[in-house]
Amino acid sequence: MASKAIVKAITVALKAEDWKGAEDKCRSVLQFNPTDYNVNTFLGLALFRQGQFDEAEVCYKEAIAAEAQKKDRKGDNPNAWSGLVNVLEAQKKVDEYMEAAMKLAVIYRDLDDRTRCQTAVDKITPFVKENGSKEQYKRALHLLLPESPIFDFLEGRIPHPSFTLQKLIDIIEAEEKEKINKEIASRRSRLGVKPGQVKREVKREVLGASPLENLYHQILNWSDDEELRRTIDTKLLQHGYDKLLVVEKEKKDAERAKVYKWAEGLVILKYPFELAWKIVIEWRDCESIGEHDVNILREYIQFFPESGLSKALSAYLESELSPFPIPVEIDEDGNPVAKEPAAEEGSPDELIDAMIEGLEKSPNSILCHRIVAEYYLPLDEYEQAINVSRNAQKLITAESARINLPFPKNTDAITVILATAQIHYQSPKYHPEARAAFEDVLTRKSTYGAALVGLGLILEEQQKYEMAGDLLRKAFVLDPENAKIRAEAAWCDVLMGKHDEGKEELERCAALVGGLDPRSRDLKAQITWRIGMAVWNGHEDLRADRKNGPYSFFISALHNNQNFAPAYTSLGIYYEDIANDTARANKCFQKAFELSAGEVEAAERLARSFADSKEWELVEIIARRVAEADQKRSVPGKGMSWPHSAIGVVELNAQNYALAIQSFQAALRVAPNDYNAWVGLGEAYASSGKWVAATKVFVQAEKIDSSSWFPKYMLANVNRELGEYEAACAGYRAVLDLQPGEYGVLVALGETLSASAWHDVEKGYFGRAVNASVESLQVAEKIVKERPDAFNLWKTVGDCCLIFSWVQSLIEKFPKELVSRILSEDFDISEFDIIADIDGVGPNTLEEAEQLDDLTICLHMGILAYKRGIYASADDRHAHAVAWFNLGCAEYRAYASLPARPMKYRHAAIRCFKRTIKLEPGNHEFWNALGVATGELNAKVAQHALVRALYINEKNARVWVNLGALYILMGDMEIANQAFSKAQSADPEYALAWVGQAIIAQMLGETQEALELYGHAFEISESSSILVKRQFSTATFDSITKLDSSTAFSSLLGPIFALQKLQEQISSEPVSLRLNALFNERVQEFTPAAARLEIVCNTVEQRYEETESEEDLIRYAQAKADLARVRLGLKEYEAAAENASLALDLSGDTEALKNCRLSAHLTAGLAHYYLGAMDDSLEMFKAALTESNENPDVVCLLSQVLWAKGGDEERDVARDQLFACIEKHPDHLQSTLLLGAIGVLDNNEDVVDAVMDDLQAVCGDDKVDQASREKVDKLLSLIGQLMKPDQNISIAGTSVFLRPFSSSTWSKLLTASPEPSYHAADMALKVAVQGKVDAEELCHAFSQIGVLSYDQKAIMVAPWKADGWRGMVADINSANAATAAG
């Protein structure tokens, strides 16, 4: 320890403020005694005064540490701590300062120095507030709270805890609010989050860690200020409620209990904090509103008069539904007096307005919804009650999830209110839902009176009177004072047929109802009326008795309530059925209907009365009012579907099909077996284009009434619209079996058969089309006898006649006599004079029919039918325009179909189209027809007409195609192509648009593109399109004739099929017949080819005799040359030579027949060759050689004939010809092959070696087709077998090397091998299976394997080929031999 002298010297220096000197002295002492408390303290002071805070802090801490190590110390010395506090304050080290200052205060406490202790504590909070953070400030405030070690010592000297706690609470509240807002804003920007979920999660995190609840409780424990306590109570409740809404479900129960306790406390204290009151009121789960504490309700109204719940409660407590007693007031004498509500407040309208206002202000109040819904029921506002109840259910579900409180009683109460409203609203639409609701409530509480009554009423509506009565009696036991329930049970007895028992019970109920209020009078009127109905139904003999019969009870009911509608209905029935006073009855019905639109019986009788007087508008009004009525009452057991059906018929007639469908569906919901409603619904579906639904509906209508023909007729109409013509016709025939001669059905059948015929033509079923047309004409004969002036009849007849012009191969089936009778039936001969001066088809046409061909006859008769249609449609402008259009189409069809293409028909068509445009200029079809008819005659008129058609309807592909065709005729290919592109855009499935582009491509030399376009057009076209089939076949033939190689059979199927159908449509056209024959020749179908060419020759010969034109002569010569080739294919060599000679005679030197002469020379040469006339054959080949300019193919044929003649000279000539040909045409394979064959026959190795080199080069050439390669392989195999046996395997191996993908090369290798090569056989099969080979080659590959199962496969693939059968026989024999040897 330092000496007193040194300490004194230091003290003197300090007092003299010689801080440096004091420092030096202290340091000199500390060198010998570093733990000296006083010296360290003095050094710390000196350094502090010099501003050396860090060193000063160290010195003070050294002093404190030295003091702490003393064993004999009685307590802490405050000097070093005081200095340390000053140093830390200067350094603004907040946390260390608070710790040191608090330690200093404790030291002063221990020294019992309150003044210095308070001074130390008082300096803490201002310092921390100025220099520290909020968190540090909160810790500083905690030092002033009761948990502080100096609180008890300084209590009364420091701020009251309530003051400190309030500061602390304000800080934490602001922090939490800021944190919540900041976190929500931050997390909302994340992907996939929901705003509500983010808000809940943030609040859950913040409020879950909040210390506010504890602080609120502390301030409540310390504060004596009532106003502050109530404020804190509200904050505590709000904080707890907010936390309750966001905590996890398992914690909600505990939180909810605390919140309710706090809210209940505020209510007990009658503190006006609305949340507390709402919690106590809204969270109360009660079966009846009467279970609420009315005092709390009235106090709530008093405290919060402007809240929505308050307004609803106030109105409810003033209403007659209120279960609570009238409030009592004390008069001047101190006697209790019941308070009477003001007269203006008792009005139901004002009360419900107040409730609705309250509901609008408190849209989330469950009790408010319950009050309004319950009040709507006695006002018969069932729809509103349903809406409010459903909203209440949603609120209960949401609130239950929010606070984890199920509200079972409130839920059941709302459910019962909802179900009760559903009983009466649009009855019985919601009865199933209401019944399920009542039954659900009763499973939880079987004595729930309102549910028992509601379920009983539903069962009563469903005519289950016994069950309904039992339930109502159970409800009456629970509420024995309720006369209404008792009366309802008695009414069930009446409806069950217990009229007397029910009447007696009703009379007892009537005696119990003695009130004069409107509700009691209504009930008594209902009971009295029901007594009258019991008498009416139970005692028919008393119906006419006015004194003792039901009449007196009906009148008595009206005395009790003059607005009781059922009584007026019953009186009306009495007047109509008993008194026969229709006038009075209608007045009663009108009065009943005015009072209640749900009086179905009164409405129906009134509607029938108006229907009898043809007042249909009034019938519609009545039906609509009945259908829209919320509550309907009808005679028990009688359906109530007629209003909906009546509305459906009205809407159907107004073409409001969607509304008609809804009305008929509503009728069927009421009466599922209402036949008329089913028929009406089906008609509405059909009219709106919903054909499938209409089909199902009419089938159901047929099931309900199978004897009625109307649904069968309507179903047939629907099938016709769906394109199911066979089913439609069958339906019409079935109707005619029930209603023979029904005009409308006959017309429909005829039109359907005609439409079916056109459909069959489009699909290519020409035989069916002709049969349908004939049957349609037979039906037309029946119609014309009844209504010859029917426009549709003549259109059908004309269409059926023109069908035969599209199927000319069956034109012999045209019923001339039948059509003649139809046309001659009941008509003025002048009807046929229409434009007869132009087309020549007039009154004498039928008489001259025998002199004309069948095609002309059918066309003329069709034209005459359309002419009669013009007269038949004279009174209808639109139909008249269509009739002229039909006639124009028929005239143009006659022009286009007849071989001579007579212009008179075209001029007549133009006249008709102009006439129809005058009648209806807005129809694009009419303008299009005019454009087509005038195309080649007047391009400007045609263009104007087509452009006009496009102006009216630019989406019509046909018009665009016709415009494109016109531009082709005008030579403008670019614009034509644009028009066809427009057509394709409008309708990609319209084939002629693609044909147009194909024609342009063909004209521009794009042959391959044209062929592809023709092929696409053929694939998508209808079978009736002649142009598509003709162009496709022609283009395909032109394409294959330019190919050097043979064409695959599959590629010829399309054009052959097209030409076959084309021949059925235009059977005698020479061009199509000849083209068909050429395709037949290609596929070696020589017999049909010969037949077609004979027809062509006869037709062209006859035409040439008439015209003697060079064009016909050329065609005749070409046909004869073609026929010669076909006869040659049939091995009719004499006929072939004869036809070829005739073709040569006819061709002369005409340049156009050059190819024809070459064909004839070759054919004649081959024919003579096969007939053995070698000299004649040689002459023909020589002529062919000259004609073809030594064509190599002709040289080959000539060489073969020369070789076949057998002479050495001729064979030398043949060799020379071939050598010369090969020299000129080294790539001509046939010449090489022929020379090689001659070399083999001559055994000339030099020739064979030269040929082999060329042939092996050919094998590796990819440009050579498969057929040529097969010929090369065959010749090489023969060379190897006959001339070079030692090289046979080498030759076959070379072929395999060059073409390993060919099955035939592997097969030849197998044949060339001296021993069986299983590898070669296996490879031949694999290549055949994987490659594209025909059935015969695949069969050969299977048969080479030498296994019985593969032989069977070979037979299955090609049973006509012997390879498979031979292989099977060989394998069976081998197997048998092996078995015998074993």
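- For Lys712 (side chain) and Phe698 (main-chain N/O), no donor-acceptor pair under 3.5 Å exists by modelled atom type.
- Judged by distance alone, the side chain of Ser754 and the main-chain N or O of Gly750 form no donor-acceptor pair under 3.5 Å.
- Proximity of a side-chain donor or acceptor of Asp987 to a complementary backbone N or O of Ala983 within less than 3.5 Å is not detected.
- The CG atom of Asn962 lies 9.5 Å from the CG atom of Leu950; values are rounded to the nearest 0.5 Å.
- For the pair Arg906 (side chain) and Ala933 (backbone), a donor-acceptor distance under 3.5 Å is present.
- In terms of modelled atom types and a separation under 3.5 Å, the side chain of Ser773 and the main chain of Ala769 share a donor-acceptor contact.
- Side-chain atoms of Asn956 and Asn928 include no donor-acceptor pair closer than 3.5 Å.
- Asn717 and Tyr732 are linked by a side-chain donor-acceptor pair at a separation below 3.5 angstrom, with hydrogens and angles left out of the test.
- Residues meeting the side chain to side chain contact (heavy atoms under 4.5 Å, CB included) test with Ala939, sequence neighbours left out: Leu966, Met970.
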Can Ile835 and His907 be said to form a side-chain contact (heavy atoms from CB on, under 4.5 Å), step by step? CA-CA 10 Å; Ile835 61 172; His907 291 304; over 6 Å; no
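- Between Lys867 and Asp839 there is a salt bridge, since a side-chain N of the basic residue sits under 4.0 Å from a carboxylate O of the acidic one.
- A distance-only check finds a donor-acceptor pair linking the side chain of Arg877 to the backbone of Leu919 [under 3.5 Å].
- With hydrogens and angles ignored, the 3.5 Å screen pairs no side-chain donor or acceptor of Arg821 with any backbone N or O of Glu781.
- Put simply, the side chain of Gln808 gets close to the backbone of Ser805: a donor and an acceptor are under 3.5 Å apart.
- To the nearest 0.5 Å, the span separating CH2 on Trp994 from CD on Glu989 amounts to 9.0 Å.
- Side chains of Val718 and Tyr685 form no contact here, defined as non-hydrogen atoms less than 4.5 Å apart.
- By the salt bridge (charged side-chain N to carboxylate O under 4.0 Å, His left out) test, Glu1101 pairs with no residue at all, sequence neighbours left out.
- Thr796 contributes a side-chain N or O that, together with a main-chain N or O of Asn792, makes up a donor-acceptor pair within less than 3.5 Å.
- Between Glu751 and Arg720 there is a salt bridge, since a side-chain N of the basic residue sits under 4.0 Å from a carboxylate O of the acidic one.
- Between Trp794 and the options Val784, Ile870, Asn886, a side chain to side chain contact (heavy atoms under 4.5 Å, CB included) holds for only Val784.
- The backbone N or O of Pro921 sits less than 3.5 Å from a side-chain atom of Trp927, completing a donor-acceptor pair.
- Between Tyr905 and His860, the angle of the ring planes lies from 30° to 60°, which puts this pair in the tilted group.
- Counting only heavy atoms from C-beta outward, the side chains of Leu777 and Val819 approach each other to under 4.5 Å.
- Judged by distance alone, the side chains of Ser873 and Asp876 never bring a donor and an acceptor atom under 3.5 Å apart.
- At least one side-chain heavy atom of Asp799 sits less than 4.5 Å from a side-chain heavy atom of Tyr866.
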Under 3.5 Å, side-chain donor or acceptor atoms of residues 734-749 against the rest of the protein: list the pairs with distances, not counting sequence neighbours.
none

